[in-house]
Protein chains: 2
Amino acid sequence: MTSLRDVAERARVAVSTASAALNGTRPVAAATRRRVERAAAELGYRPNLLARGLQSKRTRILALLFPAPRSGFGLTEMQFATGAAEAARERGYHLLLSPESADPLEELRHITGLGLVDGVLLMEVGLDDERPAVLAAAGVPFAMIGRTREPGGIDHVDIDFAATAEEAVAHVAGLGHRKLAFFNRAVDAHAAGYGPAVRAGREFERAAREAGLAYVGGYRPRSAEAGGKAFEELLGTHPDVTALAVMDDHAAAGVIAAVARLGRRIPEDLTLLLVLSSARVAGMFHPRLTTLEPPSAELGRIGARMLINRVQGGTKGETQGGPQRRLLPCRLVVGDSSAPPREGGRW
Amino acid sequence: MTSLRDVAERARVAVSTASAALNGTRPVAAATRRRVERAAAELGYRPNLLARGLQSKRTRILALLFPAPRSGFGLTEMQFATGAAEAARERGYHLLLSPESADPLEELRHITGLGLVDGVLLMEVGLDDERPAVLAAAGVPFAMIGRTREPGGIDHVDIDFAATAEEAVAHVAGLGHRKLAFFNRAVDAHAAGYGPAVRAGREFERAAREAGLAYVGGYRPRSAEAGGKAFEELLGTHPDVTALAVMDDHAAAGVIAAVARLGRRIPEDLTLLLVLSSARVAGMFHPRLTTLEPPSAELGRIGARMLINRVQGGTKGETQGGPQRRLLPCRLVVGDSSAPPREGGRW
DNA sequence: TTGTACGCGTTATCAT
DNA sequence: ATGATAACGCGTACAA
């Protein structure tokens, strides 16, 4: 391991001069700087992050608190990590993947107590998540992908459910549909406060009403079987439904199967929207489903950037001011499951 | 940040004694140790990883080199990361997610030059991957998830394609099928040396032959459309095919659509196997596909453990010996796409 | 403009 | 068994 000392020796300057020359932290004669830079290049010098961090109290390492993969945990959730890692690298930071154990709060205290990370990125934030309070109390910079019920002054980036629902409703209404049903994601017992489910449900209902569409909600199938069954129930009470948005991949598969069983077709008899899933997954269905794809990697990227802003704000005086908030709509990817309703068609 | 010095003062001992008491690195009187431990607990002391790493030359941080998510990059690949992160945490290590840039080799030199990580975990290893050589030359401990053409003495964990193919063939043959076709994964131009595709292709052919089954290979559809087209071509030359294994999710979707177009059914007219995909994805198809699911998280876990063994082997004298190698078969998850062939059925 | 000296928090070495 | 002290590699006052 070649150290700054080696570089200094080779350039015939003091270590502090070498440091200054490379970091530009104080005026250095042009000639000297060049000697140092050349020496550093020749030796392939890399500053030791540990030593630098020990001294400067900043490691340029961020932690992403990663929940244990539950069911319903898909590709999109995982892309938070890749997006965040990329954005971090672009700004000279590193991302630590911190899997959450049984006791997330203890995990949090652990990872922050080590002095290893400059800040923490939270994902899968529950409406009543306790982690923000712990972090705030500990004085650790953090940002959220997702948000609590009242994010207040906390930096966060989340899906813009209102805009997403509006776009979905506009798409459906534009095709001529008059009644929209929505199958929400099943809430795990412990995750009753799952933000996306709550917000999406609320916003779809609101958007439909504002667009003058009849709306049917309340279903939360968690499997293909449940999806098919929910759909049949729905037809029992609302045989005039012609459009359905589903927020669960498996439930959508069940709906497709149910439609086929009934001898009907998509999209002729039903316009089907897949909500919060990747176009990659939607493309595996037959027909290819119209999708509202969350900008997962982008959420991760922006979350990381917010956190870095916050971390640097402490010293550099940037972004010192108010909280950073950002809401991103899903992208509507129109597939082969969207079509105008049949004239006077009923189930 | 409460430091060891604070603990020492509170326990009225020297810093070195406090260190020894907590780490058991040298004999300490029971009473003294208890005083130190109590002081540490009361102060909520956490050793500073940076300082420890600076001194001991070991950071207990591993880097997972993460390729830029290409197409064909799915949930299973991402589970390497979560598995590795979990295993690392269980053994007191941390996992750094290192996205690969345009120049992977430079990336490698960068991440290893920082003195930040004790070792590197490689994934998506190409048959002629250059990274192992770079790491070996740099003297950086590493392990691979996947393997090069000749892994030689390099620690690695990979899918056992031979056993996987045998299990698939046995399943199909056990149902009474006499002819098996295999649609391999499309190879990206730059990834001509993609191990899983090469090995799976070879092993399926071998396993079929050894089981006395006729075999048709050579197809590499990369999309749903291509999958459907490939299937129709296949039927043109081999109308007696009754079983098909597909290693690409989208291609499988295309095959399902093509079967429906032809007015035939799965599994009655075709037994369809999805290879190297998650049961979660397979469950979204209709019918639910029989799957050969790779043990992705387990691969990640074992890879991380191997790496940790290797890293610690340097000092502790463990695992000093030969290379660690481990091959894990995929898990056969029988779905609704498997059935005996129709009597005398032809396409 | 440059060099010297100290400290970050820890472990390791050497006395005691 | 314990305490003082020297590193680890770097940044940063302060002195020159």
Side-chain angles (χ1 to χ4, degrees), chain A residues 1-37 39-40 43-61 92 112-118 312 314-316, chain B residues 1-37 39-40 43-61 92 112-118 312 314-316:
Chain A
M1 264 288 280
T2 143
S3 83
L4 189 56
R5 185 178 166 176
D6 304 324
V7 176
E9 279 179 6
R10 184 172 242 266
R12 301 187 177 287
V13 292
V15 190
S16 64
T17 305
S19 171
L22 294 177
N23 298 321
T25 177
R26 82 182 186 193
V28 168
T32 313
R33 143 167 300 139
R34 286 239 298 276
R35 281 219 316 285
V36 172
E37 281 170 350
L43 269 51
Y45 168 73
R46 309 269 189 194
N48 183 311
L49 279 197
L50 298 182
R52 173 178 284 180
L54 186 58
Q55 160 68 24
S56 65
K57 297 291 185 191
R58 355 223 27 248
T59 60
R60 301 183 81 84
I61 300 178
T112 58
L114 263 20
L116 185 59
V117 303
D118 286 347
Q312 297 187 332
T315 49
K316 288 200 186 174
Chain B
M1 265 287 281
T2 144
S3 81
L4 190 57
R5 186 180 166 172
D6 304 324
V7 176
E9 278 179 8
R10 185 172 242 266
R12 304 186 176 284
V13 294
V15 193
S16 60
T17 306
S19 171
L22 295 177
N23 298 319
T25 177
R26 79 183 189 193
V28 168
T32 313
R33 142 168 301 138
R34 287 239 298 277
R35 280 216 319 284
V36 173
E37 282 169 349
L43 268 51
Y45 167 74
R46 308 268 189 194
N48 183 309
L49 279 198
L50 298 182
R52 173 177 284 180
L54 186 57
Q55 162 66 25
S56 65
K57 298 290 185 190
R58 354 227 19 254
T59 61
R60 301 184 81 85
I61 300 178
T112 57
L114 263 20
L116 184 59
V117 303
D118 287 348
Q312 297 186 333
T315 50
K316 288 201 183 172

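Residue numbering restarts at 1 for every chain, and letters A, B, ... go by the order of the sequence lines. This structure is a prediction, so every number in the text was calculated from the model and none was measured. When reading the values below, keep in mind they use all heavy atoms of this one structure, side chains included, and skip hydrogens, waters and symmetry mates.
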Check your understanding: Between B:Lys57 and B:Ala30, which is nearer to the 5' end of DNA chain D once each is assigned its nearest nucleotide?
Key -> B:Ala30
Exercise for review: Using the closest heavy atom to pick a nucleotide of DNA chain D for each, name whichever of B:Thr32 or A:Asn48 lands nearer the 5' end.
Suggested key: B:Thr32
Distance in angstrom units between [X] [atom1] and [N] [atom2], rounded:
X: A:Leu116; N: C:dG9; atom1: CG; atom2: P; value: 15 Å
X: B:Arg60; N: C:dT11; atom1: CZ; atom2: P; value: 12 Å
X: A:Arg34; N: C:dT1; atom1: CZ; atom2: C1'; value: 17 Å
X: A:Arg33; N: C:dT2; atom1: CZ; atom2: P; value: 10 Å
X: B:Leu50; N: C:dT10; atom1: CG; atom2: P; value: 10 Å
X: B:Leu54; N: D:dG9; atom1: CG; atom2: P; value: 7 Å
X: B:Gln55; N: D:dA7; atom1: CD; atom2: C1'; value: 6 Å
X: A:Leu22; N: D:dG9; atom1: CG; atom2: P; value: 16 Å

Point to revise | 4.5 Å side-chain heavy-atom contact, B:Arg33 and B:Val13 | key: no
Check your understanding: Hey, is the side chain of B:Thr17 poking within less than 4.0 Å of OP1 or OP2 on D:dG3, counting only N and O atoms?
Key -> yes
Check your understanding: Has A:Arg52 got a side-chain N or O lying under 4.0 Å from the OP1 or OP2 atom of D:dG11?
Key -> yes
Counting side-chain heavy atoms from C-beta on, which of [options] comes nearest to [X]?
X: B:Ala51; options: C:dG9, C:dT4, D:dG3; value: C:dG9
X: A:Arg26; options: D:dG9, D:dC10, C:dG3; value: C:dG3
X: B:Leu4; options: D:dG3, C:dG3, C:dT11; value: C:dT11
X: A:Ser19; options: C:dG3, D:dG11, C:dT10; value: D:dG11

Review point. Is it true that a side-chain atom of B:Asp118 and a backbone atom of B:Thr59 form a donor plus acceptor pair closer than 3.5 Å?
Key: yes
Revision key, fill the gap. Between the CG atom in A:Leu116 and the CZ atom in B:Arg46, the distance rounded to the nearest 0.5 Å is 13.0 Å
**Study point:** Point-to-point distance, once rounded to the nearest 0.5 Å, from CZ of A:Arg10 to OG1 of A:Thr2
**Key:** 9.5 Å
Exercise for review: Give the intermediate values and the outcome of side chain to side chain contact (heavy atoms under 4.5 Å, CB included) for residues A:Arg26 and A:Ser16.
Suggested key: CA-CA 10 Å; A:Arg26 82 182 186 193; A:Ser16 64; 3.5 Å; yes
Exercise for review: Using a heavy-atom cut-off of under 4.0 Å over every strand shown, decide if A:Ser16 touches base, sugar-phosphate, or nothing.
Suggested key: base
Exercise for review: Remember a base hit wins even if backbone is also touched, and classify A:Val15 as base, sugar-phosphate or nothing at under 4.0 Å, heavy atoms.
Suggested key: nothing
Review point. Taking for each residue the nucleotide of DNA chain C with the nearest heavy atom, is it A:Ala29 or B:Arg5 whose nucleotide lies nearer the 5' end?
Key: A:Ala29
